[in-house]
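Written below as structure tokens is the structure these notes are about.
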Amino acid sequence: MSAMGGVSLPTDAKSNARENRTAAHSHIKGLGLRSDGHAENNAAGFVGQTAAREACGIVVDLIRAKKMSGRAVLLAGGPGTGKTALAMAVSQELGTKVPFCPIVGSEIYSAEVKKTEALMENFRRAIGLRVRETKEVYEGEVTELTPEETENPLGGYGRTISHLLITLKSYRGTKKLRLDPSIYEAIQKERVRLGDVIYIEANTGAVKRVGRSDAYATEFDLEAEEYVPIPKGEVHKKKEVVQDVTLHDLDVANARPQGGQDVMSMMGQLMKPKKTEITEKLRMEINKVVTKYIDQGVAELVPGVLFIDEVHMLDLESFTYLNRALESQISPIVILASNRGLVPIRSSTTSTFSPFNPSLDLPPSPHGIPSDLLARLLIVPTHAYTTPEIGTIVRTRAKTEGLAVSDEALTRIAELGGRVSLRYALQLLAPASVLAKVSGREGGMVGVEEINECEDLFLDAGRSAQVIGGAVGEGMMAYVA
Ligand SMILES: Nc1ncnc2c1ncn2[C@@H]1O[C@H](COP(=O)(O)OP(=O)(O)OP(=O)(O)O)[C@@H](O)[C@H]1O
Ligand SMILES: [Mg+2]
């Protein structure tokens, strides 16, 4: 490998990219707390549920102060009372630099991976590491970018890039570099063009686009572009680089170690994810190196949040494991959520286990959680919403989805929400808006008629159960005449 032909980790390694689950909560922008920690009744998309929001605010403060690791919080309350929304708000309050790993209890059951293994993996996705490195870099504004082509040495019609000529300009001078073709790919990936400020790591050849040189700042007014000044000093220099990764990133990157055993070469592996087994031994080894680098002040631990929704889906074995993992030295904050009251704990008998066969389950316990774990939880209750609160939530949601709803229709939906459930009310919004458009309402404005029609078209669970007369024969539905 040539001196600059290697690869390094992207500064924004993202292993928790699971945004799609939050679509139902896209109107939630945070906990909506004032600086004194009190909750506004309607702020950041959050309506009511003030006590729980304030409690979550304290949890956020504890996480920020790093006083929370190894502890667990349980959000407990009925369906549709905003537990998942609260967890999403916590993640937003923490920002993108603190890892947040959301899973659903049932996710750990898979034929391929052991339950405890799946849990451990998610634990490590929720623990971040901030590494400060001093790197030898070439940094400057790109004033020349020319790939040099040659005939393909293997014959054929194609031409290949043999070198990349790049000129970088800094405050104190310019430097012309002749680089390995592999760097050209990195340059293309970062979409570097003339006039951008970039740096190239001397040891690994990793390219990072810093922004656009502010000499070009007047080009366009409306642009999501970050303008940066031409770098000070020489082009070739030492620069402190901060990188955020999770322990899971390191596990994956080092599942088949190729370089040395120091953190930097572990990081260097990050760009080449492979599907290799991550063993307990590897994790111990990584922990050891990480601890060493933390002691030396090179790296800093950033405990994040592991959010386990529908926690009653875990079984006894997983709960025991959770208990133990919480006690380990490096542990994230665990937030659990459950809408169950007193239910049996799932047993661990996997071979004959059936979720519908309660005889295999253990005795009932609050939220389906064993008492030893319950004892160490901070429990935050969520309460049912009042009809006016539901009205405000529906209004917020309609605005986020860009739907026009008349005031009378909103009152009607809120009333339905109070009688049936918040979820039902929210779910009626989209189909009602389709109806309004089909029937040619002005501006697609949803009126009371559309809501009434939707109420007839889409049953709520209560009415649906009435329609079904009960199980007949082999589980068929029988309609009551
Ligand atoms: N206080 C609130 N303000 C604004 N939106 C809310 C509020 N509470 C809930 N919502 C919204 O209502 C919907 C249902 O809430 P959520 O999914 O958080 O309920 P949950 O308590 O997790 O229910 P379940 O126990 O069924 O999982 C979501 O779209 C959520 O964003
Ligand atoms: Mg939920």
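Because the structure is a prediction, the values reported are computed rather than measured. Just follow the structure's listing: the first ligand is 1, and inside any ligand the first atom is 1. These numbers come from the heavy atoms of this one structure, side chains and all, not from hydrogens, waters or symmetry mates.
- Heavy atoms of other residues, nucleotides or ligands lying less than 6.0 angstrom from CZ of R324 number 12 at most.
- With a 6.0 Å radius and a threshold of 12 heavy atoms from other residues, nucleotides or ligands, E240 has its CD atom above the threshold.
- Taken from CD in E107 to CD1 in I308, the straight-line distance is 10.0 Å, to the nearest 0.5 Å.
- When only non-hydrogen protein atoms are considered, atom 27 (O) of ligand 1 lies nearest to E310 OE2, 3.5 Å.
- To the nearest 0.5 angstrom, Q49 atom CD is 9.5 Å from C56 atom SG.
- Residue contacts with ligand 1 include G80, since one or more of its heavy atoms lies under 4.0 Å from the ligand.
- Side-chain atoms of E54 come within 3.5 Å of backbone atoms of A39 as a donor-acceptor pair (strictly under, hydrogens ignored).
- Listed by atom number, the atoms of ligand 1 under 4.0 Å from L422 heavy atoms are 9 (C), 12 (O).
- Ligand 1 lies within reach of G45, whose nearest heavy atom is under 4.0 Å from it.
- Considering only heavy atoms from C-beta on, P431 stays 4.5 Å or farther from L457 through its side chain.
- With a 4.0 Å cut-off on non-hydrogen atoms, T81 touches ligand 1 through its backbone as well as its side chain.
- Counting heavy atoms under 4.0 Å from ligand 1, residue E389 does not touch it at all.
- In terms of polar-atom proximity, defined here as any N/O pair under 3.5 Å, I28 makes no such contact with ligand 1.
- For atom 5 (N) of ligand 1, the closest heavy atom belonging to the protein is H27 NE2, 2.9 Å.
- At the shortest separation from atom 29 (O) of ligand 1 among protein heavy atoms lies A24 O, 2.9 Å.
- With respect to F307, the side-chain contact (heavy atoms from CB on, under 4.5 Å) criterion is satisfied by exactly one of T84, L336, V73, N122: T84.
- Just one of R412, R441, K437 meets the side chain to side chain donor-acceptor pair (under 3.5 Å) condition when paired with E450; it is R441.
- With a heavy-atom cut-off of 4.0 Å, R397 does not touch ligand 1 at all.
- Atom numbering of ligand 1 starts at 1 in the shown order; those under 4.0 Å from a heavy atom of P79 are 23 (O), 24 (P), 25 (O), 26 (O).
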Task: Residues R395, N42; criterion side chain to side chain donor-acceptor pair (under 3.5 Å); working and verdict - done: CA-CA 12 Å; R395 196 186 297 267; N42 180 359; over 6 Å; no
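- Annotation for ligand 1: atoms under 4.0 Å from non-hydrogen atoms of L426 are 12 (O), 13 (C), 29 (O).
- Minimum interatomic distance between R283 and D251 (heavy atoms only, all atoms of both residues): NE-OD2, 3.2 Å.
- Taking atom 22 (O) of ligand 1 as the reference point, the nearest protein heavy-atom neighbour is T84 OG1, 2.7 Å.
- Because the distance cut-off is set at 2.8 Å, N339 fails to qualify as a neighbour of the Mg ion (ligand 2), as none of its N, O or S atoms comes that close.
- Of the N or O atoms in I393, none lie within a sub-3.5 Å distance of an N or O in ligand 1.
- Protein heavy atom closest to atom 25 (O) of ligand 1, with residue, atom name and distance, is K83 NZ, 2.7 Å.
- Given atom 3 (N) of ligand 1, the protein heavy atom at minimum distance is V47 N, 3.0 Å.
- The F46 neighbourhood of ligand 1 comprises atoms 1 (N), 2 (C), 3 (N), with distances under 4.0 Å to a heavy atom of that residue.
- Annotation: side chain of K29 is not in contact with side chain of F46 (no heavy-atom distance under 4.5 Å).
- Remark: minimum distance from atom 17 (O) of ligand 1 to any protein heavy atom is reached at R423 NH2, 2.7 Å.
- For the pair T396 and ligand 1, no heavy-atom separation below 4.0 Å is found.
- Residue-ligand proximity, N339 to ligand 1, at heavy-atom distances under 4.0 Å covers atoms 24 (P), 25 (O), 26 (O).
- Around the CZ atom of R209, the shell of radius 6.0 Å holds more than 12 heavy atoms that belong to other residues, nucleotides or ligands.
- Nearest non-hydrogen protein atom to atom 8 (N) of ligand 1 is Y385 OH, 2.6 Å.
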Open item on the list: salt bridge (Lys or Arg N to Asp or Glu O under 4.0 Å) for E226 and R212? Distances and angles first, verdict last.
Closed with: CA-CA 6 Å; E226 195 180 336; R212 188 124 187 97; over 6 Å; no
